[in-house]
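Notes follow once the structure below has been shown.
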Amino acid sequence: MKLIILENYSQASEWAAKYIRNRIVQFGPGPGRFFTLGLPTGLPRDHPESYHSFMWNNFFKHIDISPENVHILDGNAPDLQAECDAFEEKIKAAGGIELFVGGIGPDGHIAFNEPGSSLVSRTRVKTLAMDTILANARFFDGDLSKVPTMALTVGVGTVMDAREVMILITGAHKAFALYKAIEDGVNHMWTVSAFQQHPNTVFVCDEDATLELKVKTVKYFKGLMLVHNKLVEPLYSMKEMGAERSQPKKPYSD
Amino acid sequence: MPSNKSVSDASIVQFTNCRILRDHQLQREDLWVREGKILNPEKLFFDEKGSADVQLDCKDSIIAPGFIDVQINGGFGVDFSLATDDFKSGIDLVSQKILSHGVTSFCPTLVSSPPSVYHQVLPQISVRNGGAHGAGILGAHLEGPFISKEKKGAHPEHCLRTFEAGAFQDLLATYGSLDCVQIVTLAPEMRRSSEVIRELTKRGICVSLGHSVANLSQAEEAVQHGATFITHLFNAMLPFHHRDPGIVGLLTSDKIPAGRRVFYGMISDGIHTNPAALRIAHRAHPKGLVLVTDAIAGMGLAPGRHTLGQQVVEIDGLNTYIAGTKTLSGSVATMDTCVRHFQEATGCSVETALEAASLHPAQLLGIEHKKGTLNYDSDADFLMLNDSLCVQATYIAGEEVWRQDVLGM
């Protein structure tokens, strides 16, 4: 794993954004060659705070992505399990997920794979834990009865199939989950720990999120920042990449 | 990008690099238009998997809803209160010229006139959508003749009338037809005005109080019967008095029926009201302020003499008086100068100034679901303005109908 420790939320976000940009550019996407970006799913449609609105306002409306290339799990589908199975098929058809980007919950969950989720689970309907419902209450004016109790989510196994996984963790309230994810064993109570068995994981976090880690761990990875920063500097652009096509660059691996 | 839109094949235009007035704020967002209406891009993206056919760079302009002028007596030599043979081409001329002032919808206004004028002119005014030919007509504004002699202003005394035995029937007989009438200004202290107000309100006509010596309770009673507007606040009414605020007191009255709002027109040309008075009104009741021009035939023309209905008026700079007197009679201000002057005089935000000329008149006329905003599914009547609030381009139903000459006008 690469553990990237930045000072604060903005710096962590910026590092992650630059990394994703470089990964996309170096992959050299084009017609028929899709860079498949995986993201965790969320609330059902038709709500102002729905995942569709969130993704539109924070991502899609700022870029020129074709709507046909966007696949979001539809919580209003008539047959939810069929919707989930179809999603898995779409991932296969797109050539598999190149890079999965997600965060973790305070209870160590990835996407909505709550504590107790199988570490080889696939896309499915999941009941939400009380912690998650409480956390989501802010989107429903604090009215707990309005918060959905189920969600469609990619499984831990689905994410493990991605060629690379990036997890963003910021804030002191996530510190214990980060500790459980990387310094303790693989455990289905802290589903993010499954990525200890993934060949290509990047954890991007801020100082506050490291509060529960051993000083030794933090010092080790901070010492590696000189090397890790080579992943975001220089920042590549699609135009330059056309010229450098003859010298393919292999992403740095540990 | 292939566009396989399932709802319509019409061209989708995306206006980018602009700041749009939405939810009372200037936001850095793109404006999407299809088939003359504002489109919801999120729905387009997810439901139709559609995308823009044309992208226009607005060079960081401000995009605001088109201005709505609910009191304009004419302009460019055309007088709406004069029954001429080429009345129709006159109204067409004005509606076309005011596009450059940012007005996309208006109410042609008639001052107090003899019944023959109404009978000849009103049938020639029809409610119609705007377009390249000119701003849309929402309906006529009949200012008078059921107004007070003492506050006639520039209206000719011999045309003024009262409600006799017939009350509403008198009104109908005077005007001939109410088919295309949107607003009627009357003096509420007149006998039997309450039933007239009720009848007009029942027909969906906005009743405005003006040219009146009513006290506050008479004004409040009129509002309870359905009146919702005040014609050019402060002008042609009793001045504010601390023991009887008169019509001006409606701005802070506690007798307004729940859920209703009283709107008031202000001519912010720097002449009809002292900026301090404008500020007092704005601060007392900011959500009710509606900018109007009250422009007359001389607007847009050189100084000199012009007609206003049965009167002759003299224009000298921005001042317009009944010839030979010091009685103000309409203005030669344009809507965009009113918006700029209002913003300067009150120091209000750009959003507030723009809404006073777009959202508020739309709310007054009960048409804010399709005009006066840039909300999804509204009519795509909008303006591109620069930071000084000068109109650079005017659009009606998504089509550009006027653009500022690069060399300046």
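Every value quoted in this text rests on a predicted model; they were computed, and no experiment measured them. Throughout, protein chains are lettered first and strands after them, A, B, ... in sequence-line order, and every chain is numbered starting at 1.
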Check this for me: [X], atom [atom1], are more than 12 non-hydrogen atoms of other residues, nucleotides or ligands nearer than 6.0 Å?
X         : atom1 : value
Glu14(A)  : CD    : no
Asn129(B) : CG    : no
Lys90(A)  : NZ    : yes

inquiry  = For Phe45(B) and Trp56(A), take the angle between the two ring planes, folded into 0 to 90°, and tell me which bin it lands in: parallel under 30, tilted 30 to 60, perpendicular over 60.
reply    = tilted

message = Going by side chain to side chain donor-acceptor pair (under 3.5 Å), name the residues that satisfy it together with His173(A), two or more places apart in sequence or in a different chain.
response = none

inquiry  = Less than 4.5 Å apart, side chain to side chain, heavy atoms only: is that true for Lys61(A) and Glu42(B)?
reply    = no

query = Between CG of Asn69(A) and NZ of Lys49(B), what distance do you get to the nearest 0.5 Å?
reply = 10.0 Å

Heavy-atom pair with the smallest gap, counting every atom of Pro67(A) and Gly50(B) = CG-O, 3.4 Å

